[in-house]
**Q** 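Sending over a structure as structure tokens; questions will come in a sec.
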Amino acid sequence: GEDVEQSLFLSVREGDSSVINCTYTDSSSTYLYWYKQEPGAGLQLLTYIFSNMDMKQDQRLTVLLNKKDKHLSLRIADTQTGDSAIYFCAALSGGSYIPTFGRGTSLIVHP
Amino acid sequence: NAGVTQTPKFQVLKTGQSMTLQCAQDMNHNSMYWYRQDPGMGLRLIYYSASEGTTDKGEVPNGYNVSRLNKREFSLRLESAAPSQTSVYFCASSGLAGSFGPGTRLTVT
């Protein structure tokens with residue numbers, strides 16, 4: 001089955017860019033997602049990308065997809081303290097109802 | 001448009017007690033899911049329902065049962081709670097992308 005891997009922690013300074021990386025194993029993954037979880041809350045969908053796209057930009061967020069290497073990244077420009085949260089990568093394989101989630105990356109933003 | 005709602009938000013049970021976690025969505029999604037989230041373990045799928053009238057086991061179904069009451073509602077039942085079921089439980093529904101409820105924080109003593 002699909003396996004999704006993320007690094008567990010990332011620490012950045014306020015105002016810098018953050019890059020959170022994710023790798024997945026199933027080359028038939030059709031949709032790839034980024035979710036944000038703030039303390040005590042549920043997961044909030046940030047953005048998603050379809051597998052036939054290389055890049056998607058939405059305000060401060062840029063998603064890059066390298067299908068050959070099965071690598072997904074989320075770049076947050078001008079990172080703010082309010083961006084401190086856990087970020088989950090998820091992949092949905094073609095024909096499946098069940099997305100596979102990574103374990104989440106804790107982003108810590110220092111003033 | 002409330003999205004995905006869950007009740008209760010918090011619950012404390014004694015070992016052996018039973019309870020049902022309720023979930024409802026108003027987005028007309030076919031698929032609904034129950035996950036548990038434990039420190040260091042990420043999200044683990046308990047049960048899912050691809051459409052009204054169908055349910056299937058996920059990664060960690062033991063000790064749980066589910067009911068897909070209609071297209072909107074998907075409940076999770078603990079028949080005899082155990083301390084190992086202390087966790088945060090999330091319901092989700094999915095069209096193109098998943099929407100999550102706010103979670104139920106359950107403690108079993």
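Please read these numbers as outputs of a predicted model, since none were measured by experiment. Quick note on labels: first sequence line is chain A, next is B, and so on, each numbered from 1.
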**Q** Which atoms of Gln37(A) are under 4.5 Å from chain B, going by heavy atoms: the side chain, the backbone, both sets, or neither?
**A** side chain

**Q** Indicate, with yes or no, if the rings of Phe101(A) and Tyr33(A) have centres closer together than 6.0 Å.
**A**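 Between Tyr33(A) and Phe101(A), which both carry aromatic rings, the centre distance is not below 6.0 Å.
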
**Q** Report, as yes or no, whether the 6.0 Å neighbourhood of atom CZ on Phe50(A) holds more than 12 heavy atoms from other residues, nucleotides or ligands.
**A**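 Correct, the count exceeds 12.
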
**Q** Which atoms of Ile86(A) come close to chain B, meaning under 4.5 Å heavy atom to heavy atom: side chain ones, backbone ones, both, or neither?
**A**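 For Ile86(A), there is no contact with chain B at all, as no heavy atom is under 4.5 Å.
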
**Q** Quick one: what part of Ser31(B) sits under 4.5 Å from any heavy atom of chain A, side chain, backbone, both or neither?
**A** side chain

**Q** Apply side-chain contact (heavy atoms from CB on, under 4.5 Å) to Trp34(A) and Tyr48(A), showing your working.
**A** CA-CA 6 Å; Trp34(A) 284 105; Tyr48(A) 64 91; over 6 Å; no

**Q** Hey, is Asp38(B) close enough to Arg36(B) for a salt bridge, meaning N to O under 4.0 Å?
**A** yes

**Q** Flag the pair Asp78(A) and Arg60(A) as a salt bridge only when some basic side-chain nitrogen lies within less than 4.0 angstrom of an acidic carboxylate oxygen.
**A**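 No salt bridge links Asp78(A) with Arg60(A).
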
**Q** Measuring heavy-atom distances to chain A, does Arg44(B) have an atom under 4.5 Å in its side chain, in its backbone, in both, or in neither?
**A** neither

**Q** Looking only at heavy atoms and a cut-off of under 4.5 Å, which of Gly104(A), Ala90(A), Pro99(A) has the most pairs with chain B?
**A** Pro99(A)

**Q** Heavy-atom distances under 4.5 Å only: say whether Glu59(B) touches chain A with side chain, backbone, both or neither.
**A**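 Contact with chain A: none, neither part.
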
**Q** Tell me whether Val63(A) shares a hydrophobic cluster with Met53(A), the cluster being built from Ile, Leu, Val, Met, Phe, Trp, Tyr side chains joined at under 4.5 Å.
**A**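 Shared cluster, yes.
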
**Q** For Tyr97(A), is it the side chain, the backbone, both, or neither that has a heavy atom closer than 4.5 Å to a heavy atom of chain B?
**A**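 Both the backbone and the side chain of Tyr97(A) come within 4.5 Å of chain B.
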
**Q** Considering only heavy atoms and a distance below 4.5 Å, find which of Gly42(B), Ala92(B), Gly98(B) pairs most often with chain A.
**A**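 Ranked by heavy-atom pairs under 4.5 Å with chain A, first place is Gly98(B).
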
